[in-house]
Amino acid sequence: MSGMLSLCATPIGNLEDITLRVIRTLKEADRVYAEDTRHTRGLLSHLQIKKPLISCHEHNENERAAEIVDRVRSGERIAYVSDAGMPGISDPGAKLAHAAIEEGIPFEVLPGASALPMAAVLSGLDIDRLLFLGFLPRTNKERRELLLARVHEPCTMILYESPQRVAETLAELCEYWGDRSAALMRELTKLYEETRRGTLRSLAEECSATLVRGECVIAVAGAGPDAKERSESPDEMLLKLLSQGMSVKDAAKQASAVLEMPKNEAYELALRLQSQRR
């Protein structure tokens, strides 16, 4: 057989959610590269498959990509799996695909379980068009810029979050985007799978009052046609940004982009509001 790199989707919880094609590919592979070899060893044991396991995670993916390219060129069949779901979707794997394309080696993607499409359908929101945000940035500045940039986004938005941060994130989404329809899904495909539907504010209050367990997916309705009319005034937005520690220049830049006002006007207003706050 000629060499091949196979990016394989694996179960996100329920081990029955693995395709016959992925099982066959894992059996035929010369080596299996995995985000966490301990996690994947359990999956392979469940499938009664014994293969050499090599780690390939976010910190060594570039190095492993070069290694995998050489192995495929020599005729080996390599399977790659992340801890759960589709490699490359908020998981390692994308760099392997890029390396395969750049180096001209054959690779394939084997579909299977993924939290993204499952949560989109479970949410009950309009999913004719979707925007996937993955995990929000951890730094306040980057997260704020992303949320402000999506204030008028018409598509339903899907994002991932940890149980420890989900209440805080729901409240923050409500603060920036308003109290929109939303759904919170956790423990997808597992025994205690749960979907809560409501608004960002109601979901944030529920999560603040109870202990949340399991990885979470949040779906938020896009902005309606009258979103611009209902959005904050320039004064309100700039005061909020300035009070969060943003510089006059950066606050004016963000407000100008979101509210579609001239940059010089936003800057002059931000300067005036900043001076009033002192």
Side-chain angles (χ1 to χ4, degrees), residues 58-59 62 88-92 94-95 98 116 125 129-182 184 199-205 207-208 216-278:
E58 62 177 330
H59 302 298
N62 285 326
I89 305 297
S90 290
D91 271 334
K95 291 178 181 177
H98 294 160
L116 173 57
L125 301 173
R129 295 168 61 200
L130 290 173
L131 178 65
F132 178 53
L133 299 179
F135 286 96
L136 294 179
R138 285 293 177 251
T139 66
N140 290 334
K141 183 176 184 295
E142 291 179 342
R143 189 169 64 252
R144 182 170 54 222
E145 288 177 352
L146 186 149
L147 296 179
L148 285 170
R150 297 300 176 185
V151 168
H152 303 308
E153 174 59 55
C155 301
T156 291
M157 291 170 279
I158 308 287
L159 57 137
Y160 295 163
E161 191 51 274
S162 69
Q164 294 80 16
R165 290 181 49 85
V166 69
E168 179 183 346
T169 295
L170 286 164
E172 194 169 21
L173 295 177
C174 183
E175 177 186 356
Y176 282 91
W177 294 346
D179 195 20
R180 304 182 185 179
S181 295
L184 171 65
T199 66
L200 287 170
R201 179 173 290 111
S202 67
L203 291 173
E205 291 172 351
C207 292
S208 296
C216 301
V217 187
I218 301 170
V220 186
D226 60 341
K228 290 185 179 180
E229 284 70 22
R230 291 186 287 104
S231 62
E232 294 174 301
S233 69
D235 292 54
E236 291 172 331
M237 178 171 288
L238 285 167
L239 280 171
K240 178 197 293 184
L241 297 175
L242 293 169
S243 67
Q244 293 172 348
M246 188 177 280
S247 69
V248 168
K249 181 180 178 181
D250 288 342
K253 180 181 178 181
Q254 290 298 321
S256 172
V258 173
L259 301 177
E260 299 179 359
M261 63 185 298
K263 291 181 180 179
N264 60 331
E265 290 184 16
Y267 185 75
E268 290 175 3
L269 179 56
L271 273 177
R272 186 163 64 253
L273 293 171
Q274 181 75 305
S275 64
Q276 293 172 359
R277 293 177 66 242
R278 292 172 179 170

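Computed from a prediction, not measured in an experiment: that's the story for all the values here.
Of the inter-residue distances, the one linking E268 atom CD with R272 atom CZ reads 8.0 Å to the nearest 0.5 angstrom. The CG atom of L203 sits 12.5 Å away from the OG1 atom of T169 when rounded to the nearest 0.5 Å. Taking OG of S247 as the reference point, atom NZ of K249 lies at 7.5 Å (rounded to 0.5 Å). To the nearest 0.5 Å, atoms CG (N140) and CD (E172) are separated by 7.5 Å. Going from atom CG of L125 over to atom CE of M157 covers 10.5 Å, rounded to the nearest 0.5 Å. The distance from atom CZ of R150 to atom CG of L131, rounded to the nearest 0.5 Å, is 5.0 Å.
Taking both residues in full, the closest heavy atoms of F132 and I89 are given as CE2-CG2, 3.7 Å, listed atom of the first, atom of the second, then distance. Taking all atoms of both residues into account, the shortest heavy-atom contact from E161 to F135 is N-CE2, 3.8 Å. Closest heavy-atom contact between L184 and C216: CD1-CB, 3.8 Å. Among all heavy-atom pairs drawn from A266 and L238, the shortest one is O-CD1, 3.9 Å. Residue P137 comes nearest to E142 through the heavy atom pair CB-CB, 3.6 Å, listed as atom of the first residue, atom of the second, then distance. The shortest non-hydrogen separation linking A204 to L170 is CB-CB, 3.7 Å.
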(request) Please test R165 against R138 for side chain to side chain contact (heavy atoms under 4.5 Å, CB included), starting from the C-alpha separation and ending with a verdict. (result) CA-CA 11 Å; R165 290 181 49 85; R138 285 293 177 251; 3.2 Å; yes
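Only one option out of L147, L159, I158 pairs with L133 in a side-chain contact (heavy atoms from CB on, under 4.5 Å); it is L159.
Scanning for salt bridge (Lys or Arg N to Asp or Glu O under 4.0 Å) contacts around E58 gives an empty result, with sequence neighbours left out. Partners of R201 according to the salt bridge (Lys or Arg N to Asp or Glu O under 4.0 Å) rule, which considers only residues two or more places apart in sequence or in another chain, are D179. Taking the side chain to side chain donor-acceptor pair (under 3.5 Å) definition, one finds that E168 meets it with nothing, sequence neighbours left out.
In this structure, the side chain of R143 does not engage the main chain of L136 through any donor-acceptor pair within 3.5 Å.
Open room surrounds CZ on R129; 12 or fewer heavy atoms of other groups in view lie less than 6.0 Å from it.
Look at E145 and K141 and you find a salt bridge, because one of the NZ, NE, NH1 or NH2 atoms lies within 4.0 Å of a carboxylate O, short of that distance.
Taking 4.5 Å as the limit, every side-chain heavy atom of L173 sits out of range of all side-chain heavy atoms of R180.
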